[in-house]
Amino acid sequence: MKNTEIIEILDNIAVLLELKGESIFKSRAYQKAARSIEFLSEEVDKLVSEERLKEIPGVGDAIAQKLTELVSTGHLDYYEKLKAEFPPGINILMEVPGIGPRTALLLTKELGIADIDSLEKAIENGQVAELPRMGEKTAQNILRQIKAYRKKKGEQRVPVSTALTAAEILMEEMHAIAGIRHLSPAGSLRRFRDTIGDIDLIGTADNPEEAIEAFIQLPSINELQEKGPTKASVIINNGLQVDLRLLSNDAFGSALQYFTGSKQHNIELRTRAARLGLSLSEYGITDIVTGQLETYISEEAFYKRQGLEYIPPEIREGLHEIELAEQSKLPHLIELSDIKGDLHLHSDWSDGAAPLEEMIAGALEQGYEYVAVTDHSPGLGIAHGLSIDRIQQQLQLISELNRKYSDIHIFSGMEVDIRANGALDVPDEVLAKLDIVIASIHSGMNQGIDQMTKRVISAVSNPHVDILGHPTGRLLGEREAVEIDIEAVFKAALDHQTVLEINATPSRLDLKDTHIYQARQLGIKLVINTDSHHPEQFNFMRYGIGIARRGWCEARDILNTLPLAKFKASLKS
DNA sequence: GCCGTTTTCGGCCCGACTGTTTTCAGTCG
């Protein structure tokens, strides 16, 4: 059984336990186990057979037993029985914002509601408002949330790049508000998750209440959801929800930390702080004995007070970052300035939007030492893939450009298509003439897992292939990743010294964070490429860096941080 | 259900906002 299926079942159990009214901590235990498995670099199947399940943080006797049953029989009695206690679909109700387990259960018990359509009807005929602790206003709020939920369904989360751009525009507008001092994205946006549900902004102001009033008047803001003296929730023009929280100036460090999360990270941080006699909140750190509150303007000082190294936002996921921070053993995460070159670009020789020389100029502007030209192979007719003849011509042009530009080395290359049968689109003797070969899948994405895995491994095993491009083929919000045995691909990459790409194109971010984490643990070499089709797109590198940091990458894990000579030496051929 | 500088039981992060209540439950992050 795949880890993703196991994660889904554990998460479902957590929801059902909440519905059942079981201890919230029991539910949380299942969630924690699910999150741990998400970051696991091994299959749960394997851990079961080796009796190593309890090495997973958050897995104790009870969950280990359930995982064993699940993996060996494909079935979990406990889960099936739990599911049978509720009308199927009741968890759908909880997807509506404002409906939690108590309300969902109330609706089901009192009115027999287990789907959104019946809920809507029950609100309209007044039944919901009559329930205990409900009222007309609550009922109407739920109705409003249902409408928003339907409108947004399917496109609820946006790529991190979309959210980041929107947040930057909004923050620019906010600089005009008097008295706002610090301002930063927080939440999943600051942690750089690949997709974002809503934007959290955290700031400080001389007079938060006045600043909130000014904020809700800004041109970007379309609809007010709720507001109080220190916070406001709004919908901005592109449909995204923004939650703003403003505090007094001296609390910025603690507030930024608090609202950056993740939830799991904060729970672990607070539990640990309590053992030290400290209580954490957005306002600072309170000594439990004296009741004295200390405030922190910087996050660094906030962590330091707890005896911890500064933990970068991207790895605050409750994995084992706090333990490592305690021992000053956190990785030194890669930064944008570490990147020395970009190895995946397209010019107007294939489907790029700019002449080759303009792309080179763009790379120079980034300050890169080297760049690889990787137009498409012939099979990709739709992208004007290069014929063998044109490959020869381009090779000549590249050697001319190398003579012309002394500040940057231009590698010849190609993004060669992996055909449905696993063969490459260009003969080996031609590939042998190129410095860098990226192999990627662009068609036949719906093959079964076995065929797809074989196909990709066959490309990865080719001695001329240096890099596997956008390995899983996902497009955020548009197309799921192909079905592939990623661990088998990892093994092949390791065996054949093939590099895996972290594609930084905002809609791709492929490999994703957890895969990057696993690949890195296995010692697989990675590169971060923008796949630029225009000189401006070299700026996509920041997204690749963000996702690589979420995968705990240091500069040494990423080959294109190497200076030119060392990078050359690291290539296969 | 997990876990241990409170170690095999008794804890488990903390606060804002809303709407319903006369002091708080539910939800969210």
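All values derive from a computational prediction rather than experimental measurement. Lettering follows sequence order; numbering is per chain, from 1.
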Interatomic distance at C1', B:dT8 relative to B:dC3, whole Å: 10 Å
Establish, with yes or no, whether the OP1 or OP2 oxygen of B:dC12 is under 4.0 angstrom from a side-chain nitrogen or oxygen of A:Ser23. no
Taking pairing as Watson-Crick or G-U wobble with both contacts under 3.5 Å, can you name the mate of B:dT27, or confirm there isn't one? B:dA16
In whole angstrom, give the distance that lies between atom CD of A:Glu268 and atom P of B:dG11. 21 Å
For atom CZ of A:Arg28 and atom C1' of B:dC2, their distance in whole Å: 12 Å
Salt bridge present between A:Asp194 and A:Lys512 (N-O < 4.0 angstrom): no
Just call it for A:Glu282: base, sugar-phosphate, or nothing, with non-hydrogen atoms closer than 4.0 Å on any strand. sugar-phosphate
Nearest-nucleotide pick for A:Ile63, side chain only, options being B:dG15, B:dG29, B:dG1: B:dG1
Just checking A:Thr230: base, sugar-phosphate only, or nothing, at a heavy-atom cut-off of under 4.0 Å? sugar-phosphate
A:Glu323 and A:Arg272: salt bridge (charged side-chain N to carboxylate O under 4.0 Å, His left out), yes or no, with the steps? CA-CA 10 Å; A:Glu323 195 186 325; A:Arg272 178 178 177 278; over 6 Å; no
Show your reasoning for whether salt bridge (charged side-chain N to carboxylate O under 4.0 Å, His left out) applies to A:Lys231 and A:Asp243. CA-CA 7 Å; A:Lys231 68 173 279 188; A:Asp243 295 328; 5.9 Å; no
Rounded to the nearest Å, what distance is computed from the CG atom of residue A:Asn266 to the C1' atom of nucleotide B:dC12? 15 Å
Under 4.0 Å between a side-chain N/O of A:Tyr283 and OP1 or OP2 of B:dA16, yes or no? yes
Counting heavy atoms from C-beta on, name the nucleotide in B:dT18, B:dC13, B:dG29 closest to the side chain of A:Asp243. B:dG29
Identify, between A:Val96 and A:Thr271, the residue whose nearest nucleotide on DNA chain B lies closer to the 5' end. A:Thr271
With a 4.0 Å cut-off, would you call A:Asp117 and A:Lys121 a salt bridge? no
Would you classify A:Leu269 as touching base, sugar-phosphate or nothing, given that sugar-phosphate means primed atoms plus P, OP1 and OP2, and contacts are heavy atoms under 4.0 Å? nothing
Could you give the distance separating B:dG1 and B:dT5 at their P atoms, to the nearest angstrom? 23 Å
How long is the line joining CZ of A:Phe302 and P of B:dC14, in whole Å? 11 Å
Once you apply a heavy-atom cut-off of 4.0 Å, does A:Ser27 come out as touching a base, just sugar-phosphate, or nothing? nothing
Whole-Å P distance, B:dA25 and B:dT20: 16 Å
Once you apply a heavy-atom cut-off of 4.0 Å, does A:Lys54 come out as touching a base, just sugar-phosphate, or nothing? nothing
Proximal nucleotide (of B:dG1, B:dG29, B:dC13) relative to the A:Arg270 side chain: B:dC13
A:Leu131 CG to B:dA25 P: how many Å, rounded? 18 Å
Side chain of A:Arg245 - closest among B:dG29, B:dG1, B:dA16: B:dA16
Sidechain N-carboxylate O distance under 4.0 Å for A:Arg520, A:Glu554: yes
C1'-based separation of B:dT27 from B:dC13 [nearest Å]: 16 Å
State whether A:Asp11 and A:Arg35 are salt-bridged, where the test is any N-O pair (Lys NZ or Arg NE/NH1/NH2 against Asp/Glu carboxylate O) under 4.0 Å. yes
For nucleotides B:dT21 and B:dA16, find the distance between their P atoms and express it as a whole number of Å. 24 Å
Are A:His320 and A:Trp552 near enough that their ring centres are under 6.0 Å apart? yes
Whole-Å distance, A:Lys227 NZ to B:dA16 P, equals 17 Å
A:Glu136 near the nucleic acid: base, sugar-phosphate alone, or nothing, with a heavy-atom cut-off under 4.0 Å? sugar-phosphate
Once you round it to whole Å, what is the distance between P of B:dG4 and CD of A:Glu326? 12 Å
With a 4.0 Å cut-off on heavy atoms, is A:Leu276 in touch with a base, just the backbone sugar-phosphate, or nothing at all? nothing
Evaluate the criterion salt bridge (charged side-chain N to carboxylate O under 4.0 Å, His left out) for residue pair A:Lys2 and A:Glu43; output intermediate values, then yes/no. CA-CA 7 Å; A:Lys2 292 207 297 194; A:Glu43 289 291 319; over 6 Å; no
Any idea which of B:dT20, B:dC2, B:dG15 is nearest the A:Ala29 side chain? B:dC2
Return the 5'-most residue of the pair A:Lys231, A:Phe259 with respect to DNA chain B, ranking by each residue's nearest nucleotide. A:Lys231
At under 4.0 Å between heavy atoms, what does A:Arg102 touch on the DNA or RNA strands: base, sugar-phosphate, or nothing? sugar-phosphate
Euclidean distance for C1', B:dT6 against B:dT22 (whole angstrom): 38 Å
Could you tell me the separation between the CD atom of A:Gln257 and the C1' atom of B:dG15, rounded to a whole number of Å? 14 Å
Rounded P spacing from B:dC12 to B:dT7 in Å: 15 Å
Side-chain N,O (A:Thr103) to OP1/OP2 (B:dT27) below 4.0 Å: yes
